Amino acid sequence: MEKESVKYQRQREAMVKKQIESRGITDLKVLEALRKVPRHLFVSEALRDQAYGDFPLPVGEQQTISQPYIVAEMTQALQLGKEDRVLEIGTGSGYQAAILAEIVFRVYTIERIHSLFINARKIFDKLRYHNIVTKYSDGTSGWADESPFDAIVVTAGAPEIPNILVSQLAVGGRMVIPVGNHYSQDLIKLYKNEEGVRTTSLGGCRFVKLVGEHGWKGY
Ligand code: SAH
């Protein structure tokens with residue numbers, strides 16, 4: 001029988017070809033990171049064989065690991081460079097943070113559910129992602145002490161773009177955030193320059209809710 005790691009490596013390669021490259025993702029740094037990060041280790045053992053499928057998967061606490069293509073699209077939209085410091089709101093399984101950590105200098109990631117925060121920290125340590133800094137908190141207020149960030153990615157759906165996050169973005173910084181109602185959102189890309197901010201829509205998407213002071217309240 002072939003070794004597990006080889007099996008998953010093949011599945012990962014197929015995922016990148018069929019789901020990512022074929023849909024127009026061209027940023028080589030993003031493609032390389034997707035080829036490298038062992039996505040199957042970010043889901044429970046029972047779901048490992050589904051980890052490279054074209055869909056999101058549950059990660060416990062009613063939260064999900066995003067579909068691979070969405071991770072690729074959001075990461076490419078952030079236009080990352082290797083010196084960048086990036087803030088992620090919504091660590092979840094930790095997969096998106098690991099993808100970012102393959103590309104940039106340092107990743108700061110915040111999770112509001114304790115068990116997910118703990119699990120993610122464990123996998124980051126196991127895979128030796130020493131450039132990921134984790135925090136257990138409401139991420140809708142960002143991480144003022146470490147700001148400004150070159151890029152911010154919000155991996156949960158917000159009712160609107162929190163101004164406090166925009167204020168923690170460097171001039172020249174990029175943010176990607178799903179904005180909409182509970183059922184569907186627009187994936188918004190925001191660019192900040194000296195004059196202000198410019199936003200564009202990357203299309204529809206569906207994320208779990210961003211819950212917190214500057215997100216959905218009362219959940
Ligand atoms: N990036 C994740 C996807 C996680 S799903 C991955 O790659 O697996 C969204 C996550 O956002 C959930 O884990 C949820 O608990 C978290 N979340 C929601 N509101 C939050 C908030 N205010 N601060 C931090 N995390 C939040």
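Note that ligands are numbered from 1 as they come in the structure, with each ligand's atoms numbered from 1 the same way. Just so it is clear, the model here is predicted, and its values are computed rather than measured.
The closest approach between a heavy atom of S137 and any atom of ligand 1 is below 4.0 Å. Under the 4.0 angstrom criterion for non-hydrogen atoms, H214 is not in contact with ligand 1. Between V59 and ligand 1 there is no heavy-atom distance shorter than 4.0 Å. Distances shorter than 4.0 angstrom occur between a heavy atom of T91 and an atom of ligand 1.
For atom 12 (C) of ligand 1, the nearest non-hydrogen atom from the set K209, R39, Q63, Q96 belongs to Q63.
Under a 4.0 Å criterion applied to the non-hydrogen atoms of T140, ligand 1 contributes the atoms 22 (N). For ligand 1 and I65, the ligand atoms under 4.0 Å from any heavy atom of the residue are 8 (O). Near I113, the atoms of ligand 1 lying under 4.0 angstrom from a non-hydrogen atom of the residue are 15 (O). When each atom of ligand 1 is checked for a heavy atom of D138 under 4.0 Å away, the hits are 21 (C), 22 (N), 23 (N). Listed by number with element, the atoms of ligand 1 under 4.0 Å from a non-hydrogen atom of V208 are 5 (S), 9 (C).
For I110 against G142, the heavy-atom pair with the smallest separation is CD1-O, 3.5 Å. I177 approaches E160 most closely through the heavy-atom pair CD1-O, 4.4 Å. In terms of heavy atoms, F42 sits closest to Y95 at CD2-N, 3.4 Å.
Closest to atom 26 (C) of ligand 1, if we only count protein heavy atoms, is R112 CG, 3.6 Å. Considering only non-hydrogen protein atoms, atom 19 (N) of ligand 1 sits nearest to V211 N, 3.0 Å. Protein heavy atom at the shortest distance from atom 23 (N) of ligand 1 is G139 N, 2.8 Å. For atom 5 (S) of ligand 1, the closest non-hydrogen atom on the protein side is T64 O, 3.1 Å. If you check which protein heavy atom lies closest to atom 8 (O) of ligand 1, you get S93 OG, 2.6 Å. Annotation: atom 13 (O) of ligand 1 to nearest protein heavy atom, E111 OE1, 2.7 Å. Looking only at protein heavy atoms, the nearest one to atom 11 (O) of ligand 1 is G90 CA, 3.2 Å. T155 O, 3.3 Å is the protein heavy atom nearest to atom 9 (C) of ligand 1.
Of the heavy atoms in L116, only side-chain atoms (C-beta onward) come closer than 4.0 Å to ligand 1. Contact annotation for L210 and ligand 1: heavy atoms of both the backbone and the side chain come within less than 4.0 Å of the ligand.
Remark: K18 does not engage D54 in a salt bridge, criterion side-chain N to carboxylate O under 4.0 Å. With respect to E21 and R35, a salt bridge is recorded, a charged nitrogen being found less than 4.0 Å from a carboxylate O. A salt bridge does not link K217 to E213: none of the charged nitrogens lies less than 4.0 Å from a carboxylate oxygen. Remark: K192 does not engage D150 in a salt bridge, criterion side-chain N to carboxylate O under 4.0 Å.
Within a 6.0 Å radius of CD in E13, other residues, nucleotides and ligands contribute more than 12 heavy atoms.
L202 and V71 fall within the same hydrophobic cluster, defined by Ile, Leu, Val, Met, Phe, Trp and Tyr side-chain heavy atoms under 4.5 Å apart, directly or through other members.
Side-chain atoms of T109 and E88 form a donor-acceptor pair, as typed in the model, at a separation below 3.5 Å.
Between H182 and W216, the angle of the ring planes goes over 60°, which puts this pair in the perpendicular group of the 30/60° scheme.
One finds the NZ atom of K189 at 7.5 Å from the CG atom of L78 (value rounded to the nearest 0.5 Å).
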